[in-house]
J.: 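Would you mind keeping the following structure in view while I ask a few things?
Residue numbering restarts at 1 for every chain, and letters A, B, ... go by the order of the sequence lines. What you see below is based on every heavy atom in this structure, not just the backbone, and it leaves out hydrogens, waters and symmetry mates.
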Number of protein chains: 2
Amino acid sequence: MKPATALPAQKNTRASDISDSQLRGLFGYNLKRSFSALQVDLLEVLSKFDLRMVPFSTLVMIVENPGLRQSQLADALAIERPNLVVVLDALERRELITRDRVPTDRRAYALRATLAGHQLFEKAYRAVQTHEARYLDRLTTAEREALSSALNKIRATFEETGE
Amino acid sequence: MKPATALPAQKNTRASDISDSQLRGLFGYNLKRSFSALQVDLLEVLSKFDLRMVPFSTLVMIVENPGLRQSQLADALAIERPNLVVVLDALERRELITRDRVPTDRRAYALRATLAGHQLFEKAYRAVQTHEARYLDRLTTAEREALSSALNKIRATFEETGE
DNA sequence: ATATAATAGATATGCAACATAACTATAATA
DNA sequence: TATTATAGTTATGTTGCATATCTATTATAT
């Protein structure tokens, strides 16, 4: 490979004055960094219940929508059906949910949470709410509403064309 | 495995009325869904420049901070040093950046963008700004400020303890 | 009625993001 | 000068996410 030359006559950056204002000027970058930081804490909270983000969301959806089909669930969570299968396998192995045969459609399964599943949901959901309060408490009501509305608009912007 | 039984007497959820209000009540979930939707669009924009999110961020940082060391860069981007190595390898192979020996510390490399690197940065950064305008234009000034402030508070909440 | 197409779920597989342990070479320090 | 720490690298593993393809079953189209 021929040696690519850097632009000449550039002052070196010293350790002290590293700047990321170009990236900080991008909304998406801030969104990613904030979410990543939040996620570390959330994963720690969920780990007490042997859950990760997708299995937790899955359990929440099944508790809220008993009898749900796997395809419907994958759709609602915006995850691929093959990936949901392994998540459900794990939840079923832990006897948190059941896959019940649907009499009217023998291809499909109706998903339901067991008693243990409901109990785990209650505890985990409350723990997540506590985790959320950690940062939501620092926001003003106006900020919370603006944030909520902004996130919805962002989602709407990209999901309307993307789906 | 003994058959786990679902809770009895539950009305099945019909296709039409699947609800995700429990998840929507969680801020982190909305954040994740919005970011995922945004990311699809962003990746498409970056793909025109043969870039992904981390290589793009890396290039931006090197352009803004010529002479930067790899460790400093990994720190600033909050990515692991080993993962940065392969990103830099690829950028160097494309002659977008150079790794220059540092005379005062022969372990270290000073990272600099080549002319091609600067040019790609200019084009890609503008394209990303256009992408961002797609959703930022739909937000009110108040929403934009609240979102910005909220994201910073979220990051502060979790990075102050986490680092 | 039967052939064809579509759907529900599962399996296999691959890529990308991210993390850790351990190595080489240098530099800092005790 | 011996020890420790640091910069970069290599190897490797895990998780998240996507696609192609398979089966069993159901819907539809002639």
J.: Quick check: on DNA chain D, is the nucleotide nearest A:M53 upstream (toward 5') of the one nearest B:D89, or the reverse? Name the residue that is more 5'.
T.: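 With B:D89 and A:M53 compared, the 5'-side residue is B:D89.
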J.: Tell me if a side-chain donor or acceptor on B:Q39 pairs with a main-chain N or O of B:S36 at a distance below 3.5 Å.
T.: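 No.
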J.: Check whether A:R101 reaches the backbone of A:R106 with its side chain - one donor and one acceptor, N or O, closer than 3.5 Å.
T.: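 Checking the backbone N and O of A:R106 against the side chain of A:R101, a donor-acceptor pair under 3.5 Å is found.
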J.: When the distance from CZ of B:R107 to P of C:dT26 is rounded to whole Å, what number comes out?
T.: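 Atom-to-atom, B:R107 to C:dT26, this comes out as 10 Å.
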J.: When rounded to the nearest 0.5 angstrom, what distance separates CG in A:D100 from CZ in A:R112?
T.: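 Here the interatomic distance stands at 4.5 Å.
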J.: If you measure from CG on A:L151 to NZ on B:K32, what distance do you get to the nearest 0.5 Å?
T.: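 It is 14.0 Å, given to the nearest 0.5 Å.
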J.: What is the first contacted nucleotide of DNA chain D and what is the last, in 5' to 3' order, if contact means an atom lying under 4.0 angstrom from a heavy atom of chain A?
T.: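 The footprint of chain A covers D:dT15 to D:dT26.
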J.: Would you check if there is a donor-acceptor pair between the side chains of A:Y109 and A:R69 at a distance under 3.5 Å?
T.: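 The answer is no; no qualifying pair exists.
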J.: B:R99 near the nucleic acid: base, sugar-phosphate alone, or nothing, with a heavy-atom cut-off under 4.0 Å?
T.: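 Sugar-phosphate: the residue B:R99, judged by heavy atoms under 4.0 Å, touches backbone atoms but no base.
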J.: Of A:L43 and A:D105, whose closest DNA chain D nucleotide lies nearer the 5' terminus?
T.: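 In this pair, the answer is A:L43.
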J.: Between protein and nucleic acid, restricted to nucleotides 18-24 of chain C and to nitrogen or oxygen atoms under 3.5 Å apart, what atom pairs and distances do you find?
T.:
{"unit_1": "C:dC18", "atom_1": "OP1", "unit_2": "A:K32", "atom_2": "NZ", "d": "2.8"}
{"unit_1": "C:dA19", "atom_1": "N7", "unit_2": "B:N83", "atom_2": "OD1", "d": "3.3"}
{"unit_1": "C:dA19", "atom_1": "N7", "unit_2": "B:N83", "atom_2": "ND2", "d": "2.8"}
{"unit_1": "C:dA19", "atom_1": "N6", "unit_2": "B:N83", "atom_2": "OD1", "d": "3.1"}

J.: Under 6.0 Å between the ring centres of A:H131 and B:F158?
T.: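 Ring-ring flag for A:H131/B:F158: true, centres closer than 6.0 Å.
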J.: Please state whether the base of C:dT26 and the side chain of B:R106 form at least one donor-acceptor pair under 3.5 Å?
T.: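 Looking at the base of C:dT26, it does not pair with any donor or acceptor on the side chain of B:R106 (distance under 3.5 Å).
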J.: Looking at A:S71, does any N or O in its side chain come under 4.0 Å of the phosphate oxygens OP1/OP2 on C:dT7?
T.: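 Looking at the OP1 and OP2 atoms of C:dT7, neither is under 4.0 Å from any side-chain N or O of A:S71.
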J.: Would you say the side chains of A:E64 and B:S21 form a donor-acceptor pair under 3.5 Å?
T.: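 B:S21 and A:E64 do have a side-chain donor-acceptor pair below 3.5 Å.
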J.: For the residue pair A:Y125 and A:E122, confirm or rule out a side-chain donor-acceptor distance under 3.5 Å.
T.: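 No - no donor-acceptor pair under 3.5 Å links their side chains.
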J.: State whether a side-chain donor-acceptor pair under 3.5 Å links B:E92 with B:T98.
T.: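 Side chains of B:E92 and B:T98: no pair found under 3.5 Å.
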J.: Map A:A108 and B:T104 onto DNA chain C by nearest heavy atom, then report which one ends up closer to the 5' terminus.
T.: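 Counting from the 5' end, the first nearest nucleotide belongs to A:A108.
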J.: With both distances kept under 3.5 Å, what pairs with C:dA22, Watson-Crick or G-U wobble?
T.: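 Across all strands, the one nucleotide that pairs with C:dA22 is D:dT9.
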